[in-house]
Visitor: 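Have a look at this one.
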Protein chains: 2
Amino acid sequence: MQRVTISQVAERAGVSTATVSRVLSGRGPVSPGVQRKVRRAAEELGYQVNSIARALRNSRTDTVGMVVPSISNPFFTSLVENVEHALGQEGRELFLCDARSDPEIEARRLASLVARNVDGIIVSPSHGTLSGPAVQETADRLPLVQLDRFVGGTSTDWVGVNDVAAMRLIMDHLHEGGARSAAFVGSLLTNSSTEQRFAGFQRRAEELNIGVDPEHVLLGDYSVDWGETAAARLIEAGELPDAIVCADDLIALGVTRVCRRYGVDVPTRVQVTGYDNIEFARLGEPALTTIDQPRAQIAAEAVRLLDLASRTGTAERGPSAHIALVPTLVVRDSTVSGGA
Amino acid sequence: MQRVTISQVAERAGVSTATVSRVLSGRGPVSPGVQRKVRRAAEELGYQVNSIARALRNSRTDTVGMVVPSISNPFFTSLVENVEHALGQEGRELFLCDARSDPEIEARRLASLVARNVDGIIVSPSHGTLSGPAVQETADRLPLVQLDRFVGGTSTDWVGVNDVAAMRLIMDHLHEGGARSAAFVGSLLTNSSTEQRFAGFQRRAEELNIGVDPEHVLLGDYSVDWGETAAARLIEAGELPDAIVCADDLIALGVTRVCRRYGVDVPTRVQVTGYDNIEFARLGEPALTTIDQPRAQIAAEAVRLLDLASRTGTAERGPSAHIALVPTLVVRDSTVSGGA
DNA sequence: ATGAAAGCGCTAACAA
DNA sequence: TTGTTAGCGCTTTCAT
C-alpha cells in the first residue's frame, strides 16, 4: 500500500512535478489542457497530498492545538466544539489535548504541540500559577491565546467571560430571592475561574450585606463528587445558609443531589446556583439557575485573535488583548425567582 | 523567533548533524563526552525536534487519530480519555476529531487524518451504512480499528461490547422486576449500536414473553431531547408499558425527566433503563439502572489491535479481529430490584 | 506556460 | 565512534 506521490502523478500526466504542484495547490499559471490531464491522473491514482511534506516545506501545518483541563467536563467539550466550528472553514484542523487538570501533563502537551508545528494554540490553563512557565514558554514560540481561564505572570491574549459581573448577577438574583447568607463551593483557588468567581462572590456579598460564614467557603475541585461532599458537610454542620453558590454546574449538580437526599428543599430551604450552563444543568432536580457563557462568541474571538497573531508575527505586537465577554443569568428552578 | 535546528546544535557542539541526531534520538553509538557536549548545546539553544521533518523522514508520526460521532456525548469523551490513557505511554499523541454525527464530516476528518500521516485510526462510525465507504477507504490505507460502533460492508478490526448480551441482562432484570410489556427508545437504526441493541431487545422480549407494541418502538437520536419527546409521546398516548428500555443514558435521562414532570413514578409505574453508564447516569432522579461498558478494556484492546496492525503491515493479515467484551448490568433506582 | 533544481529538517546508509 | 551524503514529498524560485 504505497502512498501515491506527486511525481507519480507527474509521470502519468507527462508533466513535471512542479506543474502538478501548481495545479493541485491552485497556485501559478497552468494551461487548461494540462490542468485537466493532471487532475485526471491524480484522480486515477487516488492521489492525496502528504501534508507532512507540505508542512515541512511551508512551515505551516494548518493545524491548531487546543489544550483543556478536562475533556470530561461538558463545558470544555462544548468550548471545543465551538472552536472547531469557528475553525471549520479554511480546512484547518484541531489537535485536541486533555491536560487532566495536571500542569505537568499540560506542559508536555504544549511542548508536543510546539514540536508538531501547530500554527497556534488555544489553551485553558489548568492551574492559576503552576501552568505559568509552560504557557509563557509556548507563547514565546508561537501564537497562543488563553481561553476561559488564564494564568498569572503571562502576557498572552485571553478571551473569556467577566466572572465578577457574572457573580454580581447571581448574588443580586439570590438577594432578590431573599437570601441573606450564602456559602461558596468551588475548587481550590488554583485557577483563575475560581479566583475570579470567588472574588466576585465576596465583593457582592459584602455590598449586599449577605453574610458569609468563613466555614461556608468550601474549596475542592470541579466535580459532582466534590459538590456532594461539600453539601453533605454543610448540611451536617447544621446552620445551612440561605444560598449555596457553586463555581460550576457540576458542583451544583452534586449539591442539589445531596440536598434532595437529605430532604433539604431547593429552593425554598436553600437556593443553589451553578455556572457554565452545561446541558445537564437543566436536567438537575430542580433545574439549575446558572450563568451562561457565550461560548460561540468566545470561540470565535479566540480564533480571530489567533489569526491576528499569526499574521502579525509572534514578535512584538503591542499589549496582549484581554477580552471579557458579558455573561447571562439563566434563571431556572434552583433559586427563588422574582414572582415567588 | 527562529526555531533551532539540528545543524545549529551541531555547529555549537562542533560535531556533525548526524551525531546530534544520534544523541538526541538515542540511536547509534556516541561517546559519552560527545553526548554531553551535544546535550549541553541543545539545552543552551533550547532545541526541540521538528517532528514534521522527523515524520517526513521516518514516515511515522507517532500520532493516532480518533474520530467519534459526538464529542459532547459523555460516553465518547470517556472513551477518548481511555484511549488517550492507553496511548499515553510511548509518547504517542491523539488527534481527536468530532464527526458531529455526520458521515460527510466524518469522511473529511478521516481523509484529513490520512493526509496528516497518522500512524493509525480509531473510529466509531456515525452511520451504519453511510460511513462505510470512507471507513473502508481509510482502512485500505492504514491501520484502522472500529470502536463501539461498526459499519457494515467493511472488514476492519472492531472492539466493543456484546450489545445483545447486554440487552439480555436488561430484559431479564426488568422481567424479574415484573415487567410484562416494554417500549424501546433509540436512535434511527442507522448505526450498529442501536441495531444491535434493538435486536437484542426484541429477541429477549420475545423469549420472555414481554409484549412490545409496535407503536412503542420510538426511534430518534441519542440525546436527552429525544428522550423527552419520546417519553411525552408515550405518556400522552396512554397505555404506558411496564418498562422503557433506552438505547443510551442520555435518552434515559430525558425519559425519566419527563416521567417526573408528568408525575409518572419510576420505577413503580414504569421501569426505565439506560445504556453506557455515563457519569450522569447516577445523577438522574431516580438514578439510572444501566449497562456498564468496560471502557478501559475497550480502549486498551483497540490500541493493541492498532499496534498489531502496524507491525503486521497493512497488507494481508488474515481475517480482522472482532472483539466483543462483556457488559455489566448496574442496578440503581430506575428499575425494580430483586428485593422489592 | 512549463521544467529543473534547490531545499524545508531530519535520519540512515555508507565510509572513514 | 564519527562524518558525508542522499533523500523523505513537497513548493518555489529561476530559467526557458
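For the numbers below, each heavy atom of this structure counts, side chains included, while hydrogens, waters and symmetry mates do not. By convention in this document, chain letters (A, B, ...) are assigned in the order of the sequence lines, proteins followed by strands, and residues within each chain are numbered from 1.
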Visitor: Measure from CD on A:Glu11 to P on C:dG3 and round the result to the nearest Å.
Guide: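 Taking CD of A:Glu11 and P of C:dG3, I get 13 Å after rounding.
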Visitor: Provide, to the nearest angstrom, the distance between the CG atom belonging to A:Asp62 and the C1' atom belonging to D:dC10.
Guide: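 Those two atoms, CG and C1', are 14 Å apart.
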Visitor: Tell me, which pairs form a ring-ring contact (aromatic ring centres under 6.0 Å, His included) where one or both residues lie in residues 31-54 of chain B, sequence neighbours left out?
Guide: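 Residue pairs with at least one partner in residues 31-54 of chain B: there are none.
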Visitor: So how far off straight is the helix from C:dA1-D:dT16 to C:dA16-D:dT1, going by the axes through five pairs at either end, to 10°?
Guide: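 Its terminal axes enclose an angle near 40°.
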Visitor: Filter on salt bridge (Lys or Arg N to Asp or Glu O under 4.0 Å), then keep only pairs touching residues 101-113 of chain A, sequence neighbours left out; what's left?
Guide: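 Qualifying pairs, neighbours excluded: A:Arg109-B:Glu84, A:Arg109-B:Glu93.
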Visitor: Could you tell me which residues satisfy side-chain hydrogen bond (donor to acceptor under 3.5 Å, both in side chains) with A:Thr129, sequence neighbours excluded, listed by chain and number?
Guide: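 Only A:His127 meet the side-chain hydrogen bond (donor to acceptor under 3.5 Å, both in side chains) criterion with A:Thr129.
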Visitor: To the nearest Å, give me how far apart CD1 (A:Ile6) and P (C:dA5) are.
Guide: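 So the CD1-P distance, A:Ile6 to C:dA5, works out to 17 Å.
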Visitor: For A:Thr190, which residues count as a side-chain hydrogen bond (donor to acceptor under 3.5 Å, both in side chains) partner, sequence neighbours excluded?
Guide: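 For A:Thr190 there are no side-chain hydrogen bond (donor to acceptor under 3.5 Å, both in side chains) partners, ignoring immediate neighbours.
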Visitor: Run the salt bridge (Lys or Arg N to Asp or Glu O under 4.0 Å) test against A:Glu81 and tell me which residues pass, sequence neighbours left out.
Guide: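 Applying salt bridge (Lys or Arg N to Asp or Glu O under 4.0 Å) to A:Glu81 gives none.
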Visitor: Got a sec, which pairs hit salt bridge (Lys or Arg N to Asp or Glu O under 4.0 Å) with one end in residues 12-24 of chain B, sequence neighbours left out?
Guide: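 Checked against salt bridge (Lys or Arg N to Asp or Glu O under 4.0 Å) - neighbours excluded - the pairs reaching residues 12-24 of chain B are B:Arg12-B:Glu44.
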Visitor: What pairs meet the salt bridge (Lys or Arg N to Asp or Glu O under 4.0 Å) rule with one or both residues in residues 28-43 of chain A, with sequence neighbours excluded?
Guide: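 Every pair satisfying salt bridge (Lys or Arg N to Asp or Glu O under 4.0 Å) with a residue in residues 28-43 of chain A: there are none.
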Visitor: Please list, chain by chain and in numerical order, all residues satisfying side-chain hydrogen bond (donor to acceptor under 3.5 Å, both in side chains) with A:Thr17, sequence neighbours excluded.
Guide: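 With sequence neighbours excluded, A:Thr17 shows a side-chain hydrogen bond (donor to acceptor under 3.5 Å, both in side chains) to no residue whatsoever.
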Visitor: Contact list please: residues 44-58 of chain A against DNA chain C, heavy atoms, distance less than 4.0 Å, in numerical order.
Guide: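 The answer is A:Leu56, A:Arg57.
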Visitor: Near DNA chain C, under 4.0 Å by heavy atom, which residues of residues 18-35 of chain B?
Guide: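 Within residues 18-35 of chain B, the residues near DNA chain C are B:Ala18, B:Ser21, B:Arg22, B:Arg27.
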Visitor: Check the side chains of B:Thr63 and A:Arg116 for a donor-acceptor pair under 3.5 angstrom, ignoring hydrogens and angles.
Guide: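 Their side chains do contain a donor-acceptor pair, which is all the 3.5 Å distance test asks for.
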Visitor: Go through the structure and list residues passing ring-ring contact (aromatic ring centres under 6.0 Å, His included) with B:Phe95, not counting sequence neighbours.
Guide: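 In terms of ring-ring contact (aromatic ring centres under 6.0 Å, His included), with neighbours along the sequence ignored, B:Phe95 is linked to A:Phe95.
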